[in-house]
Amino acid sequence: MSVEPDPQVVAGLDAWEQLPAGQQPQWPDAAQVRRVRDRLATLPPLVFAGEADALRAQLAAAQRGEAFVLQGGDCAETFAEATADNIRNKIKTILQMAVVLTYGASLPVVKMGRMAGQYAKPRSSDVEERDGVTLPAFRGDIINGFDFTPEARTPDPQRLLEAYHTSASTLNLIRAFTTGGFASLLRVHEWNRGFTANPAYSRYEEIAAEIDRAIRFMAACGADFEALRTVDFFSAHEGLLLDYERPLTRIDSRTGLPYDCSAHFVWIGERTRQLDAAHVDFFSRVQNPLGVKLGPTSTGDDAIALIDKLNPTGEPGRLTFVTRMGAGKVRDLLPALVEKVAADGRPVTWVCDPMHGNGITSATGYKTRRFGDVMDEVAGFFEVHRALGTVPGGLHVELTGDDVTEVLGGTEEIDDEGLARRYETLVDPRLNHQQSLEMAFQVVELLRRA
């Protein structure tokens, strides 16, 4: 039997429209936006409320130190790259990392992709200027095109519908790959053996051999249960474009409560987490597990105020703080933040984003990061939580399953000149397949030292 929603709850979902909303495009035709929103509101949900509830329970386990979160995927998805091969390679990379982390942490890994919805990106300026020509900034495929022409850069509401359909096809493939045998533990482990067979990665061979012995032990014992062949894989993206998130918010027939059915997990970015603004208000009203990015300007008071708004009753698994301090600041700034939240007592899952605080421009002019800085922030994150007796709950990483060259360093030693070989991102640089696996093995080493 369906539970009827409270009319006030439904009306509250539109309160954000009366509040300042940062990082939204200047649509040229408001009537067209309304027609597209109305159409989105009639389309089937991309995910289901029960799936979001299952994720919330797993995130609650990560809060307690009984699981570890791995969230990975593109900085900004593009429609053109939503191919079966690209989707498969990203899933493969996350699964490979998860097997290593599961063994190293002796914990189940909560697997989330920055996939099937990560099409909008915040920008530091509304416009971009080249050679005296000023056009709207590229805000992601869901809003406008990357080409520097007036036609491409004009925000187009029809792109919201294309984002929906591309997300639907991506989720369809994710479900097929993660339940149809592709995600089998034995298959994923074989991929990792190929990685450590490379002499460049011989330092990780001992850990890989231990995993191999553990899997052979399970096989000898006759272990052949469903958990070895399928995995839960959740979708996540930054809930930036409210003209997309609102029409995809649906009332759950079991409870009469609203869920944002564009993804299982949505997060509020560093640029849009103002307490009195549209994003915090809107997402406070949906039942999904939520994330908030906290950068180096965040204070303990900011964190407590966000808990008051987004999880006042302290529901386990509801709220994740994703910290992005930078390698040079994490050890100095994170402790006060964690201490204040720990003293409050309401549960929060702490996740490290080691990517966004470590951006640099290379000598050759590429926007990039150093792998060493990324890993140093991860190490600092673990050190702070170990010193305070709190739980380091997971990692949030920008990665791809392809052999791009966008982040400096790693055992492959990508240098300034090497960036030009396969620098393909339209926005932020991503770890490639090999660097992502190297991160997983290095995190195991950190866990062991802890």
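Under the 3.5 Å distance criterion, the side-chain polar atoms of Arg153 are matched with a main-chain donor or acceptor of Pro136. With Asn358 contributing its side chain and Arg370 its backbone, the two residues share no donor-acceptor pair below 3.5 Å. In this structure, the side chain of Asp376 does not engage the main chain of Gly328 through any donor-acceptor pair within 3.5 Å. In this structure a side-chain-to-backbone donor-acceptor pair under 3.5 Å is missing from Gln435 to Gly410. One N or O on the side chain of Thr166 and one on the backbone of Glu162 form a donor-acceptor pair closer than 3.5 Å. A side-chain donor-acceptor contact under 3.5 Å links Asp302 to the backbone of Thr299. Judged purely by atom type and a 3.5 angstrom limit, Asn432 has no side-chain atom pairing as donor or acceptor with the backbone of Thr405. Remark: side-chain polar atoms of Gln63 are paired, donor with acceptor, to backbone N or O of Gly317 under 3.5 angstrom. Proximity of a side-chain donor or acceptor of Arg318 to a complementary backbone N or O of Leu310 within less than 3.5 Å is detected.
Scored by the ring pair (Phe, Tyr, Trp, His ring centres under 6.0 Å) test, Phe441 finds Phe195, Tyr204 as partners (sequence neighbours excluded). In this view, His237 satisfies the ring pair (Phe, Tyr, Trp, His ring centres under 6.0 Å) rule with no residue, not counting sequence neighbours. For the salt bridge (Lys or Arg N to Asp or Glu O under 4.0 Å) test, residues two or more places apart in sequence or in another chain that qualify with Glu424 are Arg422. The side-chain contact (heavy atoms from CB on, under 4.5 Å) test applied to Ala163 returns Phe79, Tyr119, Ile142, Tyr244, not counting sequence neighbours. With sequence neighbours excluded, the residues forming a ring pair (Phe, Tyr, Trp, His ring centres under 6.0 Å) with His396 are Trp267, listed by chain and number.
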Give the intermediate values and the outcome of side chain to side chain contact (heavy atoms under 4.5 Å, CB included) for residues Asp74 and Val427. CA-CA 9 Å; Asp74 276 311; Val427 188; over 6 Å; no
Before giving the answer on side chain to side chain contact (heavy atoms under 4.5 Å, CB included), spell out for Gln96 and Val100 the whole-Å C-alpha distance, their side-chain angles and the decisive distance to 0.1 Å. CA-CA 7 Å; Gln96 286 183 262; Val100 175; over 6 Å; no
With side chain to side chain contact (heavy atoms under 4.5 Å, CB included) as the criterion, how do Lys329 and Asp332 come out once you've worked through the C-alpha distance, each side chain's angles and the decisive distance to 0.1 Å? CA-CA 5 Å; Lys329 298 178 180 178; Asp332 296 327; 5.6 Å; no
For Arg56 and Glu315: C-alpha separation, side-chain torsions, deciding distance, then whether salt bridge (Lys or Arg N to Asp or Glu O under 4.0 Å) applies. CA-CA 9 Å; Arg56 190 189 309 109; Glu315 180 186 5; 3.5 Å; yes
With side chain to side chain contact (heavy atoms under 4.5 Å, CB included) as the criterion, how do Val391 and Arg64 come out once you've worked through the C-alpha distance, each side chain's angles and the decisive distance to 0.1 Å? CA-CA 7 Å; Val391 177; Arg64 300 188 298 267; over 6 Å; no
Salt bridge (Lys or Arg N to Asp or Glu O under 4.0 Å), that's the test. Do Asp402 and Lys90 meet it? Break it down for me. CA-CA 8 Å; Asp402 301 321; Lys90 272 184 275 191; over 6 Å; no
Show your working on side chain to side chain donor-acceptor pair (under 3.5 Å) between Arg203 and Thr411 and close with a plain yes or no. CA-CA 10 Å; Arg203 65 179 275 198; Thr411 297; 5.5 Å; no
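A heavy-atom distance below 4.5 Å is found between the side chains of Leu437 and Met97. Inter-residue side-chain proximity for Leu46 and Cys261 is flagged as unmet; no heavy-atom pair is nearer than 4.5 Å. Residues His356 and Glu270 have side chains not in contact (no heavy-atom distance under 4.5 Å, counting atoms from C-beta outward). Within the 4.5 Å cutoff, no side-chain heavy atoms of Thr272 are placed close to those of Pro122. Thr400 places none of its side-chain heavy atoms less than 4.5 Å from the side chain of Asn89. Between Met325 and Phe381 the shortest side-chain heavy-atom distance does not fall below 4.5 Å. Leu294 has its side chain out of reach of Arg324: every pair of non-hydrogen atoms, C-beta onward, lies at least 4.5 Å apart. At a threshold of 4.5 Å between non-hydrogen side-chain atoms, the residues Val397 and Met439 count as touching.
Sorted by first and then second residue, the salt bridge (Lys or Arg N to Asp or Glu O under 4.0 Å) pairs involving residues 77-86 (not counting sequence neighbours) are Asp85-Arg88.
Between Glu406 and the choices Arg421, Arg430, Lys367, the salt bridge (charged side-chain N to carboxylate O under 4.0 Å, His left out) rule is met once, by Arg430. Among Phe233, Phe234, Phe48, the one residue that satisfies the ring-ring contact (aromatic ring centres under 6.0 Å, His included) test with His264 is Phe234.
Atoms CD and CG, on Glu339 and Leu334 in that order, are 10.0 Å from each other to the nearest 0.5 Å. For the atom pair CD (Gln58) and OG1 (Thr349), the distance works out to 11.5 Å, reported to the nearest 0.5 Å. For the atom pair CZ of Arg271 and CD of Gln23, the computed distance is 5.5 Å after rounding to the nearest 0.5 Å. Atom CZ of Arg123 sits about 11.0 Å away from atom CG of Leu240, to the nearest 0.5 Å. Note that CG of Leu40 and CD of Glu245 are 10.5 Å apart. Values are rounded to the nearest 0.5 Å. Between atom CG of residue Leu431 and atom CD of residue Glu438 there is a gap of 10.0 Å, rounded to the nearest 0.5 Å.
Across every non-hydrogen atom of Val341 and Ala303, the tightest pair is CG2-CB, 3.7 Å. Heavy atoms only, all atoms of each residue included: Thr368 and Leu408 are closest at OG1-N, 3.6 Å. The two atoms that bring Phe283 and Gly239 nearest to each other are CE1-O, 3.2 Å, heavy atoms only. In terms of heavy atoms, Thr249 sits closest to Asp260 at OG1-CA, 3.7 Å. Annotation for Glu377 and Asp353: closest pair OE2-O, 3.7 Å, computed over non-hydrogen atoms. Shortest non-hydrogen contact noted between Phe382 and Leu446 is CD1-CD1, 4.1 Å.
Of the charged side-chain nitrogens involved, at least one lies within less than 4.0 Å of a carboxylate oxygen, so that Arg346 and Asp308 count as a salt-bridged pair. Ion pairing between Arg369 and Glu398 holds under the 4.0 Å rule for side-chain N and carboxylate O. A salt bridge between Asp281 and Lys309 is absent, with no side-chain N of the basic residue lying under 4.0 Å from a carboxylate O of the acidic one. With salt bridges taken as basic N to acidic carboxylate O contacts below 4.0 Å, none links Lys340 and Asp344. Ion pair Glu210/Arg448 flagged as a salt bridge, since at least one NZ, NE, NH1 or NH2 atom sits closer than 4.0 Å to an Asp/Glu carboxylate oxygen.
Sparse packing is recorded around CD of Glu205, with 12 or fewer heavy atoms of other residues, nucleotides or ligands lying under 6.0 Å away.
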